[in-house]
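Read the numbers this way: they start at 1 and go in the same order the structure lists the ligands and their atoms.
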Amino acid sequence: MSSSLNEIKEKLNGYNQQQLLATWELLDREKQLGFVKHVNAIDFEEANFLFKKAKQSMESDIKKLDDFMTPVPATQYQSEEKVCAKTLDEYRSIGLEAISNNEVAVLLLAGGQGTRLGSDNPKGMFSVGLPSGKTLFQIQAERIRRVTALAKEKYGKFGTIPWYIMTSGPTDRTTHKFLVAKNYFDLNEKDVILFQQGLLPCYDFEGKILLNEKDHVAFAPDGNGGIYKALAKHGILNDMEKRGVKYVHVHSVDNILVKVADPVFIGYCVSKQAECGAKVVKKANPNEPVGVICQVDGKYQVVEYSEITEKTALLKNENGDLKFNAGNICNHFFSTSFLRKVVNECLNDIKVHVAIKKIPYTNALGKKVTPVEANGIKIEKFIFDVFQFAEKFVIWEVPRNEEFSALKNSDEAGKDCPMTARNDLLALHRAYVEKAGGRIEAGEVEISPLLSYAGENLENIVKGVTYNNKGAIQLLPENKLNGVNGKH
Ligand code: UTP
C-alpha cells in the first residue's frame, strides 16, 4: 500500500491536487485501494486544462458582446413561412430520400437532470397528461416510425433511422430500463443506441478538485456539449460511419413539438451543402431570455440574453423585425463529416461555461459540509459551441406554434411546463384537424404520431366530421378512433 500511496502522492503533487489525499488516513485498507483506482481513472491533465480555460472565461465573460455581433447573413437564413410550397416539397423530398437510403440518424440529448421540472425520472419518461398518456420518449419514437413510413411511401424503402440517445450518470440506468420495458416502442433494439456523456470534477475557486465523499471525488455531468467527446469515446461516430449515416438531427428531449428527423429541415441543410444547421424560432419578445444565433467577429455563435444590453436586444431591421431574432431551440443538423472534424480536430477548442455553485463536499476531517455560500465551480460545455468551426452554416426558421414548446418547469411556473406543453400540442392537433376539413366543437382530439407526422394523412378520417365530445379522442392509424373519456 505504501508504494501505491507514494505513487499517487507523486501524481497528485504533480498536478497540484494533493488535497485529495486529505482523508486518506480515515479510509480502511480496502477503501484506500478503491480510492487509488478511482483517482487513477481521472484525467488530471484535462481537469487542470479545463479549469484554466474556465478561469479565463470567467474573466472574459464580463464584457458584453454588442459591438461584435452581426445577424447571420440572409443568404444563409431561410424562414419556412416565406418559402414557396414547391421549394418546401423539394426539401422534403431530399430529406425523405436520405432517410430511405439509411443516411439519417437522430441524436437525442437526454443527459439533463431536469432540476427545474423536479421529476425523479429522466425528462423523456415524463407524461404531460395527454389523453393518450404518452411520454416524451414515446412521442419521439413514434415520430421516427412515421417519418420512415413517409420515406417508404415516396421512395419504396423504409430506411432505418438509428436513434442515438445520450444519457448521463444520473439518467442512464432508468432510461435504459424504461426503454426495455416499453420494448423500444417497437423500434428495433439494435437501432436504439444509448451512450453516456462524461463527468467533470467540481473545483473550489483555486482549481482544487473537491471530494464528495472521503473516498470519492465530486463530479457533475459535463453538459450537453459533452456529446462530442462521448461520440468518440463510445465509438458512436464510428458506428454512424459504419452504417453510412451522412446527416444527424440532434435535439433536446424536452420539446414536445419536435419534428424528429424532420425531412424538410434535413433536405434544406443538404441542399445548401451545410456542415451544420440550426432550427430557430423568432424571439417571442425582445426581452425573452433565450440565446440568439448570430455571428461574433465573423464566427457563428449563440449569444445569451445576458451577454447583450437591452439596447441591442431591441434593435430592429429594415423589415421591422428584431435584428437579433434567431432564437436558439437546441435543434440542430450536423453532417457526419463535420462531427468527425470536430472530434478529431476541435475538442480542445470548445468553449467552457462556468457555473458558480454551492457544492457539498467532504472536508479534511471526513465531515460532509453543505455550504451556505457558493464555494466552487462546475464546468459545462454546450452543444452549440461548435458552430464556430463550421464553414457552411445555415439557419432554418420555423413557426413556434408548430415546432417548439419546451418542458422546463413544473406547473407552478405557468410557462414551459407540463400544462403549456400539453395545450400547445393539442392546439396544433386542432389546427391539423381543421386544415384537413374537420371541426372540433367540444372536447379534445389527439393525433397519434403513427398516423400523422405533421398534419398529413388526416383528410380521410376527419373531413366533414364535427367532433363534439365531452372528453378526448385519439386519432390512431388504420382509421381506428379511440374514445378516451368521451365518444366520437
Ligand atoms: P437544459 O439545459 O434545459 O437542462 O437541457 P435540463 O437538465 O433539461 O434541465 P435543468 O436545467 O436541470 O432544469 C437542454 C437539453 O440538454 C440535455 C437535456 O437533457 C435537454 O435535452 N442535457 C443537459 C444533456 O444531455 N446533458 C447535460 O449535462 C445537460
Side-chain angles (χ1 to χ4, degrees), residues 50 106-126 128 135-137 139-141 163-176 178-179 193-202 218-231 233-234 236 248-258 260 278-281 288-291 302 304-306 327-332 334 350-359 377-386 403-413 415-418 420-421:
L50 288 175
V106 168
L107 211 168
L108 173 63
L109 302 172
Q113 288 175 271
T115 5
R116 285 167 289 172
L117 180 61
S119 158
D120 289 339
N121 284 325
K123 249 192 220 177
M125 289 167 58
F126 197 85
V128 299
T135 59
L136 293 170
F137 280 143
I139 294 169
Q140 290 165 25
W163 198 24
Y164 297 98
I165 302 179
M166 185 174 82
T167 61
S168 61
T171 65
D172 187 69
R173 256 166 62 98
T174 325
T175 302
H176 186 248
F178 179 72
L179 291 172
I193 303 114
L194 273 67
F195 65 103
Q196 277 192 52
Q197 67 180 89
L199 297 166
L200 286 174
C202 305
F219 283 114
D222 58 358
N224 60 19
I227 192 170
Y228 304 105
K229 196 171 168 201
L231 282 177
K233 181 172 171 200
H234 301 292
I236 299 299
V248 185
H249 182 212
V250 183
H251 65 86
S252 62
V253 70
D254 51 18
N255 174 11
I256 198 165
L257 301 183
V258 63
V260 188
K279 237 185 214 193
V280 301
V281 295
E288 190 188 13
V290 295
V302 172
E304 299 295 351
Y305 182 67
S306 55
N328 179 39
I329 56 171
C330 195
N331 192 323
H332 312 309
F334 297 114
I350 296 176
K351 192 174 159 182
V352 298
H353 297 258
V354 182
I356 296 177
K357 297 254 181 196
K358 293 179 209 161
I359 306 169
I377 64 160
K378 290 185 180 180
I379 293 181
E380 267 195 313
K381 298 182 189 176
F382 292 163
I383 180 97
F384 52 69
D385 279 323
V386 299
E403 301 221 21
F404 184 59
S405 175
L407 177 63
K408 298 287 181 196
N409 309 309
S410 63
D411 272 337
E412 287 85 77
K415 65 171 197 164
D416 298 338
C417 60
T420 53

Enquirer: Under 30°, 30 to 60°, or over 60°: which ring-plane class applies to W163 and F137, parallel, tilted or perpendicular?
Expert: perpendicular

Enquirer: Are a donor atom and an acceptor atom from the side chains of E412 and S410 found within less than 3.5 Å of each other?
Expert: yes

Enquirer: Return the closest protein heavy atom for atom 15 (C) of ligand 1 as residue, atom name and distance.
Expert: S252 CB, 3.7 Å

Enquirer: Looking only at protein heavy atoms, which one is nearest to atom 26 (N) of ligand 1, and what is the separation?
Expert: Q197 OE1, 2.7 Å

Enquirer: To the nearest 0.1 Å, how far is atom 8 (O) of ligand 1 from its closest protein heavy atom, and which atom is that?
Expert: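 Checking every protein heavy atom, the shortest distance to atom 8 (O) of ligand 1 gives K123 NZ, 2.9 Å.
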
Enquirer: Would you check if the side chain of N255 reaches a backbone N or O of S405 as a donor-acceptor pair within less than 3.5 Å?
Expert: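 Looks like yes, one N/O pair under 3.5 Å.
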
Enquirer: So, Q140 side chain and V253 main chain: donor-acceptor pair closer than 3.5 Å or not?
Expert: yes

Enquirer: Consider ligand 1: state whether an atom of it lies below 4.0 angstrom from any non-hydrogen atom of C330.
Expert: no

Enquirer: Check whether any side-chain N or O of Q197 sits under 3.5 Å from a backbone N or O of N224 as a donor-acceptor pair, and report yes or no.
Expert: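 A pair under 3.5 Å: no.
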
Enquirer: List ligand 1 atoms under 4.0 Å from L109, heavy atoms only on the residue side.
Expert: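 Close to L109: 17 (C), 18 (C), 19 (O), 20 (C), 21 (O), 25 (O).
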
Enquirer: Examine the side chains of D254 and S252 and answer whether a donor and an acceptor come within less than 3.5 Å of each other.
Expert: yes

Enquirer: Ligand 1 versus Q113, non-hydrogen atoms closer than 4.0 Å: side chain, backbone, both, neither?
Expert: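 Under 4.0 Å from ligand 1, Q113 contributes backbone atoms alone.
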
Enquirer: Would you mind checking which non-hydrogen protein atom is closest to atom 12 (O) of ligand 1, with the distance to 0.1 Å?
Expert: T115 OG1, 2.3 Å

Enquirer: Using a strict 4.0 Å cut-off to heavy atoms of R116, name the atoms of ligand 1 that fall inside it.
Expert: 1 (P), 3 (O), 9 (O), 10 (P), 11 (O), 13 (O)

Enquirer: Identify which of G225, G112, G223 has a heavy atom lying nearest to atom 18 (C) of ligand 1.
Expert: G112

Enquirer: Quick one: does any side-chain atom of K378 pair with a main-chain N or O of A220 as donor and acceptor, under 3.5 Å?
Expert: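 Looks like no, no N/O pair under 3.5 Å.
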
Enquirer: Look only at interatomic distance and state if K408 has a nitrogen or oxygen under 3.5 Å from any nitrogen or oxygen of ligand 1.
Expert: yes

Enquirer: How does A110 reach ligand 1, by side chain, by backbone, by both or by neither, if only non-hydrogen atoms under 4.0 Å count?
Expert: backbone

Enquirer: Identify the closest protein heavy atom to atom 25 (O) of ligand 1: which residue and atom is it, and at what distance?
Expert: G111 N, 2.9 Å

Enquirer: Give the atom numbers and elements of ligand 1 that come within less than 4.0 Å of a heavy atom of M166.
Expert: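 Answer, ordered by atom number: 25 (O).
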
Enquirer: Counting only N and O atoms by type, is there a donor-acceptor contact under 3.5 Å from the side chain of H234 to the main-chain atoms of Q196?
Expert: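 Looks like yes, one N/O pair under 3.5 Å.
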
Enquirer: Would you give the length of the straight line joining atom CD1 of I227 to atom CZ of F334, rounded to the nearest 0.5 angstrom?
Expert: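 Reported to 0.5 Å precision, the distance equals 7.5 Å.
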
